[in-house]
Student: 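Sharing a structure with you now.
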Amino acid sequence: MNIVSLKEKCNQLRVDTLNEIYEAGSGHPGGSLSMVEIMVSLYYYKMNINPGNPKDPFRDRFVLSKGHAAPILYAVLADKGYFDKKMLKTLRKLHSPLQGHPDKKKLSGVDASTGSLGQGVSVATGMALGEKTLNNGVHVYAVLGDGELQEGIVWEAAMAASHYKLDNLTVIVDNNGLQIDGSCEQVMGVDDIGRKYESFGFTVYDVADGNDLEQIIKALDAPFHGKPKCIVAHTIKGKGVSFMENVVGWHGKSLNDEELEKALTELGGAKAPESRLKCQI
C-alpha cells in the first residue's frame with residue numbers, strides 16, 4: 001500500500017473503532033485513536049503476518065501491552081481478515097471473543113492476552129527470547145502506553161531484553177501524555193523516556209509526530225544491531241476527532257448519538273447510526 005492508501009486506512013480504522021465503542025456503550029477511544037498510525041504501519045507495512053494461517057510459527061508477533069486499547073486492535077484484525085467484521089458489533093458483549101482486553105484463547109490473531117499494565121511487554125520480551133533461541137527470524141513488536149511506564153515490571157523486562165541482546169524486539173511507546181487520572185507528568189512523571197531506554201541498553205528512535213505514518217515507518221525501518229529497539233512516538237490522545245484530542249476525559253468512555261455523528265462527520269462525512277442497536281460497522 002502507498003502512503004495515500006495507508007492514510008485512508010487510518011481514517012477507516014478510526015471510524016470502525018468509534019463505531020465499536022459506541023455499539024458497546026463503553027471502551028477506550030482516546031488511547032485507541034492515538035495509536036492508529038502505529039498499528040497501520042505495523043500491520044499494513046512492516047510485519048510478516050498471514051491472516052490465512054494465524055498460527056504460522058514463522059510469523060512476526062504483536063503484543064498490545066496497553067490492552068485497554070483493544071478496539072483499535074480488533075478493528076485492524078477484522079480488516080485484515082482474521083474474523084468477520086460483523087463481530088465488531090459485539091465488543092464487550094457477554095460471551096463475545098472481543099472483550100475489553102485482548103484474550104489470546106478466544107480470538108484469532110491475538111498473540112498475547114493483556115490488560116494488566118506492564119505484563120504485556122514482559123510477555124513480548126519472553127517471546128523474543130524464545131524466538132531468538134530458535135533463530136527463525138521472527139520479530140516481536142510491543143506497544144506500551146506512557147502511563148504504563150510507571151509499572152516496575154516494564155523496566156525489569158527492559159533489563160532482560162538488553163541482557164539477552166534481543167535485537168528481534170521492538171518496543172513502541174505511545175507517548176500521548178495522558179492517562180486515566182490526568183497527565184502523566186501530574187500523576188507520576190516518566191520523562192525522559194528515550195534516555196531511560198538508552199540507559200537500559202536499547203537503540204532508541206524518537207518520533208516527533210507519532211501520528212505521521214512516514215515518520216513511524218522510517219523509525220521502524222531504522223537500523224539497530226545487537227540491541228532491542230525502542231521507538232518513542234509522540235502522539236495525540238483522541239487523534240482525528242477535534243473534541244477528543246488531548247482531553248483526558250476521553251480515556252475510557254463511550255460516545256452518545258450526537259458525539260458519534262460529529263466524530264464520524266469529521267472523519268469523512270460518515271453518518272451516525274440511528275440507534276445503538278442499528279449500528280453499522
Student: Hey, are D257 and Y22 close enough side-chain-wise for a donor-acceptor pair under 3.5 Å?
Tutor: yes
Student: Please check if any side-chain donor atom of Y45 sits under 3.5 Å from a side-chain acceptor atom of D221, or the reverse.
Tutor: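 A donor-acceptor contact under 3.5 Å links the two side chains.
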Student: Looking only at the side chains, is there a donor atom on one of H139 and T170 sitting less than 3.5 Å from an acceptor on the other?
Tutor: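 Yes - a donor-acceptor pair under 3.5 Å links their side chains.
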Student: Would you indicate whether the side-chain heavy atoms of L220 and Y141 approach each other to under 4.5 Å?
Tutor: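 Answer yes - side chains close enough.
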Student: Nearest 0.5 Å please: distance from the SG atom of C184 over to the CG atom of L149.
Tutor: 8.0 Å
Student: Could you tell me which non-hydrogen atom of A160 sits nearest to which non-hydrogen atom of T125, and how far apart they are?
Tutor: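 The pair with the smallest heavy-atom distance is CB-CG2, 4.3 Å.
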Student: Any donor-acceptor pair under 3.5 Å linking the side-chain atoms of S122 with those of E156?
Tutor: no
Student: How about L18 and P29: do any of their side-chain heavy atoms sit closer than 4.5 Å?
Tutor: yes
Student: Taking E245 for the side chain and K239 for the main chain, is one N or O donor matched with an acceptor at less than 3.5 Å?
Tutor: no
Student: Calculate, to the nearest 0.5 Å, the distance between atoms OG1 and CG belonging to T90 and L98 respectively.
Tutor: 4.5 Å
Student: So, D146 and Q179: side-chain donor and acceptor under 3.5 Å apart, yes or no?
Tutor: no
Student: Tell me if a side-chain donor or acceptor on S65 pairs with a main-chain N or O of V121 at a distance below 3.5 Å.
Tutor: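 Yes, S65 side chain to V121 backbone: donor-acceptor pair under 3.5 Å.
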Student: Determine whether K253 and S26 make a side-chain contact, defined as any pair of heavy atoms from C-beta on separated by less than 4.5 Å.
Tutor: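 Counting from C-beta outward, K253 and S26 never come under 4.5 Å.
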Student: Does E198 CD have over 12 foreign heavy atoms under 6.0 Å away?
Tutor: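 Enclosed: over 12 neighbouring heavy atoms sit under 6.0 Å from CD of E198.
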Student: Do Q150 and V190 have side chains that get closer than 4.5 Å, going by heavy atoms?
Tutor: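 When only atoms from C-beta onward are counted, V190 and Q150 do touch, with a gap below 4.5 Å.
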Student: Please assess K229 against V171 for the test side-chain contact (heavy atoms from CB on, under 4.5 Å), listing each intermediate value before the final yes or no.
Tutor: CA-CA 6 Å; K229 179 194 280 190; V171 170; over 6 Å; no
Student: Any sub-3.5 Å donor-acceptor pair from E148's side-chain atoms to L117's backbone N or O?
Tutor: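 Answer holds: no.
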Student: Minimum heavy-atom separation for F202 to A161, with atom names?
Tutor: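 Where F202 meets A161 most closely, the heavy atoms are CZ-CB, 3.8 Å.
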Student: For R195, does its backbone N or O pair with a side-chain atom of D192 as donor and acceptor, under 3.5 Å?
Tutor: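 Between the backbone of R195 and the side chain of D192 there is a qualifying donor-acceptor contact (under 3.5 Å).
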Student: Are L166 and M159 grouped together when hydrophobic residues (ILVMFWY) are joined by side-chain heavy atoms under 4.5 angstrom apart?
Tutor: yes
Student: If we only count heavy atoms from C-beta on, is the L13 to Y44 side-chain gap below 4.5 Å?
Tutor: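 In short, these two side chains touch, coming nearer than 4.5 Å.
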Student: Short question: side chain of S199, backbone of K196 - any donor-acceptor pair under 3.5 Å?
Tutor: yes
Student: I'd like to know if the side chain of D206 and the backbone of G194 have a donor-acceptor N/O pair within less than 3.5 Å.
Tutor: no
Student: Does the pair E131/R61 count as a salt bridge with the N-to-O cut at 4.0 Å?
Tutor: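 Counted as a salt bridge, because a side-chain N and a carboxylate O are separated by less than 4.0 Å.
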Student: Got a second to check how far M39's CE is from S34's OG, nearest 0.5 Å?
Tutor: 11.0 Å
Student: Answer yes if the side chains of E266 and S242 hold a donor-acceptor pair under 3.5 Å, and no otherwise.
Tutor: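 Their side chains do contain a donor-acceptor pair, which is all the 3.5 Å distance test asks for.
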Student: Specify the closest pair of heavy atoms between S254 and I21, including all atoms of both residues, with the distance to one decimal.
Tutor: OG-O, 3.0 Å
Student: So, do L73 and F62 sit near enough that their side-chain heavy atoms are less than 4.5 Å apart?
Tutor: yes
Student: R14 side chain to L33 main-chain N or O, any donor-acceptor pair under 3.5 Å?
Tutor: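 Flag set: sc R14 to bb L33 pair under 3.5 Å.
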Student: Going through the checks in order, is the side-chain contact (heavy atoms from CB on, under 4.5 Å) test met by K227 and D167?
Tutor: CA-CA 5 Å; K227 295 181 178 181; D167 53 3; 5.8 Å; no
Student: Would you say the side chains of H234 and N175 form a donor-acceptor pair under 3.5 Å?
Tutor: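 H234 vs N175: donor-acceptor pair found between side chains.
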Student: Nearest 0.5 angstrom please: L77 CG to M87 CE, how far?
Tutor: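 Rounded to the nearest 0.5 Å, the CG-CE separation comes to 10.0 Å.
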Student: Taking everything shown except K80 itself, do over 12 heavy atoms lie less than 6.0 Å from its NZ?
Tutor: yes
Student: Can you confirm whether V76 sits close enough to L42 that some side-chain heavy atom of one is under 4.5 Å from a side-chain heavy atom of the other?
Tutor: no
Student: Measuring from I72:CD1 to E20:CD, what's the distance to the nearest 0.5 Å?
Tutor: 8.0 Å
Student: Grab the two heavy atoms, one from S32 and one from T17, that are nearest each other, plus how far apart they are.
Tutor: CB-CG2, 3.8 Å
Student: Flag this pair as yes if the NZ/CZ of K9 is under 6.0 angstrom from the six-membered ring centre of Y43 and inside a 45 degree cone about the axis; otherwise no.
Tutor: no
Student: Shared ILVMFWY cluster between I153 and L169, side chains joined below 4.5 angstrom?
Tutor: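 I153 does not cluster with L169.
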Student: I need the single residue from V232, I216, I38 that forms a side chain to side chain contact (heavy atoms under 4.5 Å, CB included) with I172. Which is it?
Tutor: I38
Student: Does T235 use its side chain to pair, donor to acceptor, with the backbone of N211 at less than 3.5 Å?
Tutor: no
Student: Within a 6.0 Å radius of atom CE on M1, are there more than 12 heavy atoms belonging to other residues, nucleotides or ligands?
Tutor: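 More than 12 heavy atoms, drawn from other residues, nucleotides or ligands, come within 6.0 Å of this atom.
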Student: Between the side chain of Y74 and the main-chain N/O of Q99, is any donor-acceptor distance below 3.5 Å?
Tutor: yes
Student: So, the side chain of S41 versus the backbone of E37: is there a donor-acceptor pair under 3.5 Å, distance only?
Tutor: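 Yes, because the side chain of S41 sits within donor-acceptor range (under 3.5 Å) of the backbone of E37.
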Student: Do L107 and V143 belong to the same hydrophobic cluster, where Ile, Leu, Val, Met, Phe, Trp and Tyr are linked whenever their side-chain heavy atoms lie under 4.5 Å apart, directly or via other members?
Tutor: yes
Student: Between V173 and Y197, does the side-chain contact (heavy atoms from CB on, under 4.5 Å) criterion hold? Intermediate values first, please.
Tutor: CA-CA 11 Å; V173 180; Y197 267 99; 4.3 Å; yes
Student: Would you say the side chains of E8 and S5 form a donor-acceptor pair under 3.5 Å?
Tutor: no
Student: Could you state the interatomic distance from NZ (K106) to OG (S96), rounded to the nearest 0.5 Å?
Tutor: 8.5 Å
Student: Is there a path of hydrophobic side-chain contacts, each under 4.5 Å between heavy atoms of I, L, V, M, F, W or Y residues, that connects V241 with L255?
Tutor: yes
Student: I'd like to know whether D212 forms a side-chain contact (heavy atoms from CB on, under 4.5 Å) with V207, so could you lay out the CA-CA distance, the side-chain angles of the two residues, the decisive distance to 0.1 Å, and finally the verdict.
Tutor: CA-CA 9 Å; D212 184 298; V207 177; over 6 Å; no
Student: Do W155 and V63 sit in one hydrophobic cluster, given that two such residues count as connected whenever their side-chain heavy atoms are within less than 4.5 Å of each other, even indirectly?
Tutor: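 Yes, it is one cluster - the side chains of W155 and V63 are joined through contacts under 4.5 Å.
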Student: Less than 4.5 Å apart, side chain to side chain, heavy atoms only: is that true for E23 and L91?
Tutor: no
Student: Indicate yes or no: does D174 engage K66 in a salt bridge with an N to O separation below 4.0 Å.
Tutor: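 Yes, charged N to carboxylate O under 4.0 Å.
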Student: Where do A70 and P102 come nearest, in terms of heavy atoms and distance?
Tutor: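 For A70 versus P102, the nearest heavy atoms are CB-CD, 3.9 Å.
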Student: Please name the pair of heavy atoms, one in A24 and one in R92, separated by the smallest distance, quoted to 0.1 Å.
Tutor: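 Nearest pair, atom of A24 first, then R92: CB-CB, 4.2 Å.
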Student: Within a radius of less than 6.0 Å around OH of Y164, do more than 12 heavy atoms belonging to other residues, nucleotides or ligands occur?
Tutor: no
Student: Yes or no on salt bridge (Lys or Arg N to Asp or Glu O under 4.0 Å) for D60 and K46, after CA distance, side-chain angles and deciding distance?
Tutor: CA-CA 10 Å; D60 288 340; K46 189 65 177 177; over 6 Å; no
